[in-house]
Amino acid sequence: IVVDLLFKGKTLKGFLGLERKLLGWSLSRAKLVITPSRQLETLVKLWSSEVWTQVIPNSIKIQNKMHQVKDKKFDVVFVGRLTKWKKVDNLISACAKIQCSLAIVGTGPELEQLKAFASNLQYDIEFLGERNKSDVVEILLQSRIFCLPSPAKIFCRTSSFNNRAG
C-alpha cells in the first residue's frame, strides 16, 4: 500500500511492477471491494477507478468507558498474535529498562521464548493469554498505553479495539 502511494504515476520495474499490474487486474474484475476504513477505500480507488467499494468498519461497538476506570492496572499493554516479526521482545526490553508494568494479551509460536526472555531479564510481565473481545476491551481500559511494536502493520483489528476503548 505504502509503496504504491510513493510510486504512483511512476513506472515500476520487476516484481513491484508485476505486483501492481496484478492488483489492478484483480480489482477491475471484482464486482465489489470491501475495505475496513475510508483510507483504504481511497487507496483502492486510486489503484482502479472502475471498482465499486464499500466500507465495513473492522471494529467492535462499545460505550466509551474511559472515564469509569480511574486506577490503571498496567502502564503498557500489547494485544496480538505472538510472532517474531511483531517485535514483542523489543517491547519487553524497553518496558524492563524503564520498569513499567506490561501486560501481553495473545498466544502464538513465540510465547515460550518471550516468557523465557522476560525471565532472563528478571522482569515480571503478565502474560494473559488469548481473550475474547470484551475481555480485551476491559484490559485496554485498565491500561495507560497500548503499544503495537510491529513495523509491518499500519492498522489492524487490535488498533480498532483500542480506538473503541478510548
Side-chain angles (χ1 to χ4, degrees), residues 1-12 14-69 72 74-92 94-95 102-111 114 128-166:
I1 294 171
V2 175
V3 171
D4 218 43
L5 282 176
L6 294 174
F7 297 103
K8 186 166 178 8
K10 296 181 182 176
T11 303
L12 298 177
F15 179 74
L16 288 177
L18 175 62
E19 187 177 71
R20 185 172 178 172
K21 286 178 184 176
L22 287 172
L23 179 61
W25 176 79
S26 64
L27 286 173
S28 69
R29 296 182 51 86
K31 291 181 182 177
L32 176 68
V33 175
I34 298 172
T35 65
S37 68
R38 294 268 181 234
Q39 180 184 10
L40 188 54
E41 179 187 41
T42 301
L43 289 174
V44 167
K45 287 182 178 181
L46 285 173
W47 295 329
S48 178
S49 58
E50 303 163 5
V51 70
W52 289 92
T53 61
Q54 181 178 353
V55 175
I56 298 178
N58 191 6
S59 62
I60 58 172
K61 293 181 181 180
I62 63 166
Q63 295 177 359
N64 188 346
K65 302 178 186 177
M66 198 64 182
H67 64 282
Q68 296 174 359
V69 181
K72 301 294 184 176
F74 306 108
D75 292 318
V76 180
V77 67
F78 167 85
V79 179
R81 183 156 164 74
L82 302 177
T83 58
K84 196 169 204 125
W85 62 270
K86 290 200 179 172
K87 307 285 186 191
V88 179
D89 56 336
N90 290 348
L91 178 60
I92 292 171
C95 289
L102 172 62
I104 297 180
V105 179
T107 61
E110 292 293 307
L111 177 61
L114 292 171
L128 302 175
E130 188 172 343
R131 298 295 178 101
N132 64 38
K133 290 178 185 179
S134 61
D135 286 349
V136 169
V137 170
E138 289 303 316
I139 292 165
L140 288 167
L141 289 170
Q142 295 172 11
S143 306
R144 298 172 62 79
I145 299 168
F146 163 72
C147 184
L148 184 65
S150 169
K153 287 210 173 190
I154 296 170
F155 189 80
C156 65
R157 183 174 296 225
T158 305
S159 295
S160 66
F161 286 140
N162 190 50
N163 289 339
R164 288 297 197 175

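The model shown is predicted, which means the values in this text are computed figures rather than measured ones.
Note that CZ of Phe74 and CD1 of Ile104 are 10.5 Å apart. Values are rounded to the nearest 0.5 Å. The CD atom of Gln54 sits 8.5 Å away from atom OG1 of Thr35, with the distance rounded to the nearest 0.5 Å. The CD1 atom of Ile56 sits 4.0 Å away from the CD1 atom of Ile34 when rounded to the nearest 0.5 Å. Of the inter-residue distances, the one linking Glu130 atom CD with Leu82 atom CG reads 10.5 Å to the nearest 0.5 angstrom. If you take CG on Asp135 and CG on Leu140, they are separated by 11.0 Å, rounding to the nearest 0.5 Å.
In terms of modelled atom types and a separation under 3.5 Å, the side chain of Ser143 and the main chain of Phe146 share no donor-acceptor contact.
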Side chain to side chain contact (heavy atoms under 4.5 Å, CB included), that's the test. Do Phe78 and Leu148 meet it? Break it down for me. CA-CA 6 Å; Phe78 167 85; Leu148 184 65; 3.9 Å; yes
Step-by-step side chain to side chain contact (heavy atoms under 4.5 Å, CB included) determination, Thr53 to Val51: CA-CA 6 Å; Thr53 61; Val51 70; 4.0 Å; yes
Could you go through the side chain to side chain contact (heavy atoms under 4.5 Å, CB included) check for Val79 and Val77 one step at a time? CA-CA 7 Å; Val79 179; Val77 67; 4.2 Å; yes
Begin with the C-alpha distance, continue with both residues' side-chain angles, and end with the deciding distance and a verdict on side chain to side chain contact (heavy atoms under 4.5 Å, CB included) for Trp52 and Lys31. CA-CA 7 Å; Trp52 289 92; Lys31 291 181 182 177; over 6 Å; no
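Under the 4.5 Å side-chain criterion, counting only non-hydrogen atoms from C-beta, Arg131 is in contact with Ile139. Within the 4.5 Å cutoff, side-chain heavy atoms of Ile92 are placed close to those of Leu114. In this structure, Pro109 and Thr83 have side chains that are in contact, with non-hydrogen atoms separated by less than 4.5 Å. In this structure, the side chains of Gln142 and Lys72 stay at 4.5 Å or more apart for every pair of heavy atoms.
Scanning all heavy atoms of the two residues, the minimum distance from Leu91 to Cys147 falls at CD1-SG, 3.7 Å. Minimum interatomic distance between Lys86 and Arg81 (heavy atoms only, all atoms of both residues): CD-O, 3.2 Å. Listed here is the closest heavy atom pair of Val105 and Gly129: CG1-O, 3.5 Å.
For Arg38, the salt bridge (Lys or Arg N to Asp or Glu O under 4.0 Å) partners at least two apart in sequence or on another chain are Glu41.
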